[in-house]
Amino acid sequence: MTTDERPYQDERPRSRRGRRILVVLLVLLLGLVGLVVVADRVAAGVAERALTEQVREELVKEGVQAGPPEVEIGGFPFVTQVLDGRYERISIRLTEVRGSVQGNVLALPTLDIDAYDVTAPLDTLRSGRGGVTAGSVTGTGTISYDSLASRLDQEGLQLGERDGRLAVTAPVELLGQRVPVSGTADITIDQGQVSLRFTDLTADGLPNGSLVRALLSTFAEGISVDLPLPVLPFDLTVSEVRPLPEGLQVTAEAAEVPIHAAS
């Protein structure tokens, strides 16, 4: 073996040792990152349970009838949010939000609430005492068409969405005949209640004469109603009602909202 070959051979073991050290360092680094992520999520779970209890207490104070709340804290890393006492977003899901409506019950099967720019000091989370506030809150829920139809109290009446509007179909006695009637409704919002005013009704198989139009107008007035909504939490005020295939979607908003009032 020549003297020129020896340095090359000595270099290979050193290169292999360097790669092994690099692999070990990368494994340790990934393990450390994994531990940080796990610890972050564990801390988030503890805070979510604390906030869930505070939200539940606030719902009781406000007289809101609903199932147990589910709270999820958004944003990462979580620990920095805890230390700062400010959270990017907190999501709250409520089920079966109900309110008495003239003896009947109008319910939102789910109400999804997103609270943004939430201030929740660490001492408040630890003790359960103190205020939690949100810069803005948005809530979205859907009223099923079946519950709306039962409120209108018309046999065979069905509601749904058609071309972005609330549509109605129902069998109606007109001029001695039972004929299918269909049309759409105008939806307005006023002081916490939704108004449905049915318009443009037509009767299949009957001429569109003045008598038929008058009878259809009478029927439309009979099924046009004002629907008070359930009491919504966190000062949420309805801003939009929109027909969707699955039901009537209600969107509500509020600003500078106490998620948990100071005690």
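For the numbers below, each heavy atom of this structure counts, side chains included, while hydrogens, waters and symmetry mates do not.
- When atom types are taken as modelled, the side chain of Arg151 and the backbone of Val225 share no donor-acceptor pair closer than 3.5 angstrom.
- Taking every heavy atom of both residues into account, Thr184 and Arg162 meet most closely at CG2-NH2, 3.5 Å.
- The salt bridge (Lys or Arg N to Asp or Glu O under 4.0 Å) test applied to Asp112 returns Arg93, not counting sequence neighbours.
- Closest heavy-atom contact between Leu236 and Gly139: CD2-N, 4.0 Å.
- Atoms CD1 and CZ, on Ile187 and Arg242 in that order, are 11.0 Å from each other to the nearest 0.5 Å.
- With rounding to the nearest 0.5 Å, the separation of CD in Glu88 from CD1 in Ile73 is 11.5 Å.
- Of the possible polar contacts, one joining the Tyr145 side chain to the Gly247 backbone as a donor-acceptor pair under 3.5 Å is found.
- Taking hydrophobic clusters as Ile, Leu, Val, Met, Phe, Trp and Tyr residues chained together by side-chain heavy-atom distances below 4.5 Å, Leu211 shares a cluster with Val181.
- Summarising the geometry, atom CZ belonging to Phe219 is positioned 4.5 Å from atom CD belonging to Gln154; distances are rounded to the nearest 0.5 Å.
- By the side-chain contact (heavy atoms from CB on, under 4.5 Å) test, Ser217 pairs with Glu221, sequence neighbours left out.
- The salt bridge (Lys or Arg N to Asp or Glu O under 4.0 Å) check on Glu96 picks up Arg98, with sequence neighbours excluded.
- Applying the salt bridge (Lys or Arg N to Asp or Glu O under 4.0 Å) rule to Glu53 yields the partners Arg56; only residues at least two apart in sequence or on another chain are considered.
- A distance-only check finds no donor-acceptor pair linking the side chain of Thr251 to the backbone of Ser239 [under 3.5 Å].
- For the pair Leu111 and Pro233, the tightest heavy-atom approach, listed with the atom from each and the gap, is CD2-CD, 3.9 Å.
- In plain terms, the two heavy atoms of Phe198 and Ile223 that are nearest each other are CE1-O, 3.3 Å.
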For this session: Could you give me the CA-CA distance, side-chain angles and deciding distance for Ser91 and Asp114, then say whether side chain to side chain donor-acceptor pair (under 3.5 Å) is met?
Result: CA-CA 5 Å; Ser91 296; Asp114 286 320; 2.8 Å; yes
For this session: Decide yes or no on side chain to side chain donor-acceptor pair (under 3.5 Å) for Ser147 and Ser150, but give the supporting numbers first.
Result: CA-CA 5 Å; Ser147 64; Ser150 64; 5.8 Å; no
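- The environment of CD in Glu246 is crowded: more than 12 heavy-atom neighbours from other residues, nucleotides or ligands sit within 6.0 Å.
- Within 6.0 Å of CG in Asp204 there are more than 12 heavy atoms belonging to other residues, nucleotides or ligands.
- Contacts classified as salt bridge (charged side-chain N to carboxylate O under 4.0 Å, His left out) and involving residues 176-187 (residues at least two apart or in different chains) are given here: Arg165-Asp186, Glu173-Arg178.
- For the pair Leu157 and Ala170, the tightest heavy-atom approach, listed with the atom from each and the gap, is CA-CB, 3.9 Å.
- Between atom CD of residue Glu58 and atom CD1 of residue Ile259 there is a gap of 8.0 Å, rounded to the nearest 0.5 Å.
- Every salt bridge (Lys or Arg N to Asp or Glu O under 4.0 Å) that Asp117 has, sequence neighbours left out, goes to Arg86.
- Hydrophobic clustering (ILVMFWY, side-chain heavy atoms < 4.5 Å, transitive): Leu94 and Tyr116 are in distinct clusters.
- Separating the CD1 atom in Ile92 from the CG atom in Leu51 is a distance of 8.0 Å, to the nearest 0.5 Å.
- The same ILVMFWY cluster, assembled from side-chain heavy atoms under 4.5 Å apart, contains both Leu175 and Val172.
- Across Leu201 and Gly183, no two heavy atoms sit closer than the pair CD2-CA, 3.5 Å.
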